[in-house]
Amino acid sequence: MKVVGLTGNIGSGKTTVAHELERLGAKVIYADELAREARAALAPEICRAFPDACAEGRPDDRRLAQKVFADPAARRRLEALIHPWVRRAVLQRLERLAQRETPPALVVLELPLLFETGWNPAPDGVLVVAAPDELRARRVAERSGLSLEEFRARDAAQLPQAEKVRRADWVIVNDGDLDALRAQVRRWYAEVVREGSA
């Protein structure tokens with residue numbers, strides 16, 4: 001069972017790449033989904049730490065994001081709650097997959113903050129999805145309605161894209177249309193799965 005980390009800055013297209021890898025047969029574990037589960041499971045602790053970002057005892061994702069992306073100390077407080085929960089969940093899922101009678105040939109861990117947290121549970125390498133800044137900002141605005149300022153605040157909270165590219169084992173540049181991206185992903189998947197079975 002080969003385990004690869006997948007990351008990239010906001011708007012790069014890493015989730016699109018993850019979905020395509022899933023379609024090709026990889027098992028994908030999404031850290032963002034686990035973070036949503038963590039926010040629900042840890043709602044009392046989060047609301048104690050950020051009472052003004054909660055409504056009726058539940059974190060309000062938009063208000064919480066505005067707070068933590070404007071204040072690095074607040075972001076670190078939130079991450080100290082969320083990250084250990086997500087890490088445990090990732091490791092539990094990896095263990096369950098490894099114990100299957102027929103484990104998947106490739107497991108992809110979609111971890112947006114893989115480099116930022118200094119935690120990389122993917123022993124077989126890291127795939128970075130990169131795209132031009134202007135294109136990433138446009139995609140984020142179209143997808144989630146974030147303003148350019150909100151995009152920049154979230155992007156600034158991540159390691160610069162060029163540094164992620166430098167640290168990567170593989171890079172997919174997502175600067176074309178969806179068909180071009182899918183073709184790159186198919187080539188990468190074939191190469192990695194072939195290496196794993198060699």
Side-chain angles (χ1 to χ4, degrees), residues 3-15 17-18 28-96 107-123 126-131 133 136-137 139-168:
V3 181
V4 168
L6 170 63
T7 194
N9 282 47
I10 183 171
S12 63
K14 62 189 171 297
T15 303
V17 169
V28 180
I29 297 172
Y30 294 92
D32 279 349
E33 286 180 7
L34 296 176
R36 277 193 291 276
E37 290 177 25
R39 286 195 298 275
L42 300 169
E45 293 93 327
I46 292 170
C47 288
R48 273 196 297 276
F50 304 98
D52 54 341
C54 289
E56 298 174 4
R58 313 293 303 167
D60 178 300
D61 285 347
R62 187 80 186 221
R63 276 160 47 195
L64 191 58
Q66 286 171 339
K67 185 167 189 64
V68 301
F69 287 112
D71 179 353
R75 191 173 72 248
R76 286 192 295 273
R77 272 202 323 278
L78 180 63
E79 289 172 349
L81 292 169
I82 300 285
H83 287 176
W85 195 100
V86 170
R87 288 176 183 178
R88 281 193 302 274
V90 167
L91 294 175
Q92 286 165 0
R93 281 161 175 74
L94 282 174
E95 191 175 331
R96 283 201 297 269
V107 178
V108 175
L109 306 176
E110 193 213 22
L111 299 167
L113 299 178
L114 184 150
F115 292 123
E116 289 83 350
T117 62
W119 182 69
N120 180 6
V126 175
L127 170 63
V128 167
V129 184
D133 292 354
R136 293 191 298 114
R139 286 177 183 151
V140 169
E142 289 168 359
R143 183 186 71 211
S144 57
L146 290 183
S147 69
L148 184 59
E149 291 71 28
E150 287 172 312
F151 163 78
R152 285 179 176 152
R154 292 182 185 210
D155 196 46
Q158 298 183 317
L159 197 67
Q161 180 172 258
E163 179 61 18
K164 288 184 180 178
V165 167
R166 191 186 70 75
R167 295 188 192 186

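In this structure, CG on Asn9 lies 8.0 Å from CZ on Phe151, to the nearest 0.5 angstrom. From Leu146, atom CG reaches atom CZ of Arg139 across 15.0 Å, with rounding to the nearest 0.5 Å. Summarising the geometry, atom CG belonging to Leu109 is positioned 8.0 Å from atom CG belonging to Leu114; distances are rounded to the nearest 0.5 Å. The line from CZ of Arg154 to OG of Ser144 is 6.5 Å long, rounded to the nearest 0.5 Å. In this structure, CD1 on Ile29 lies 4.5 Å from CG on Leu94, to the nearest 0.5 angstrom. For the atom pair CZ of Arg39 and CG of Leu34, the computed distance is 11.0 Å after rounding to the nearest 0.5 Å.
Counting only heavy atoms from C-beta outward, the side chains of Val108 and Val17 never approach each other to under 4.5 Å. Residues Asp32 and Pro112 are in side-chain contact: their nearest non-hydrogen atoms beyond the backbone lie under 4.5 Å apart. Taking 4.5 Å as the limit, every side-chain heavy atom of Glu150 sits out of range of all side-chain heavy atoms of Val140. Side-chain contact between Arg143 and Ile10 is present, with heavy atoms from C-beta onward closer than 4.5 Å. Counting heavy atoms from C-beta outward, Glu116 and Glu79 have side chains that stay 4.5 Å or more apart. Phe50 is listed as a side-chain neighbour of Arg77, based on a closest heavy-atom distance under 4.5 Å.
Nearest heavy atom pair, residue Phe115 against residue Ala168, reads CZ-N, 4.5 Å. Of all non-hydrogen atoms in Leu111 and Thr7, the two that sit nearest each other are O-OG1, 2.8 Å. Nearest heavy atoms, Leu159 versus Arg167: CD2-CZ, 3.8 Å. When all heavy atoms of Val28 and Ala18 are compared, the pair lying nearest together is CG2-O, 3.6 Å. Shortest non-hydrogen contact noted between Gly13 and Val129 is C-CG1, 4.1 Å. What you find for Ala41 and Glu45 is that their closest heavy atoms are O-OE1, 4.4 Å.
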### Task
For Glu110 and Thr15, run side-chain contact (heavy atoms from CB on, under 4.5 Å): C-alpha distance rounded to whole Å, both residues' side-chain angles, the deciding distance at 0.1 Å, then the answer.
CA-CA 8 Å; Glu110 193 213 22; Thr15 303; 2.7 Å; yes
### Test log, rule side-chain contact (heavy atoms from CB on, under 4.5 Å), inputs Val86 and Trp119
CA-CA 11 Å; Val86 170; Trp119 182 69; 5.7 Å; no
### Task
Take Leu78 and Lys67, measure what side-chain contact (heavy atoms from CB on, under 4.5 Å) needs, and give me the verdict at the end.
CA-CA 10 Å; Leu78 180 63; Lys67 185 167 189 64; over 6 Å; no
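Contact check on Arg166 versus Glu163 returns a salt bridge, with a Lys/Arg side-chain nitrogen under 4.0 Å from an Asp/Glu carboxylate oxygen. Ion pairing of Glu37 with Arg93 is present here, as a side-chain N (NZ or NE/NH1/NH2) and a carboxylate O approach within less than 4.0 Å. A salt bridge is defined here as a Lys NZ or Arg NE, NH1 or NH2 lying under 4.0 Å from an Asp or Glu carboxylate O, and Arg152 with Asp155 fails to meet this definition.
Residue pairs satisfying the disulfide (SG to SG under 2.5 Å) criterion with at least one member in residues 39-76, sequence neighbours excluded, are listed as follows: Cys47-Cys54.
Judged purely by atom type and a 3.5 angstrom limit, Arg58 has no side-chain atom pairing as donor or acceptor with the backbone of Ala43.
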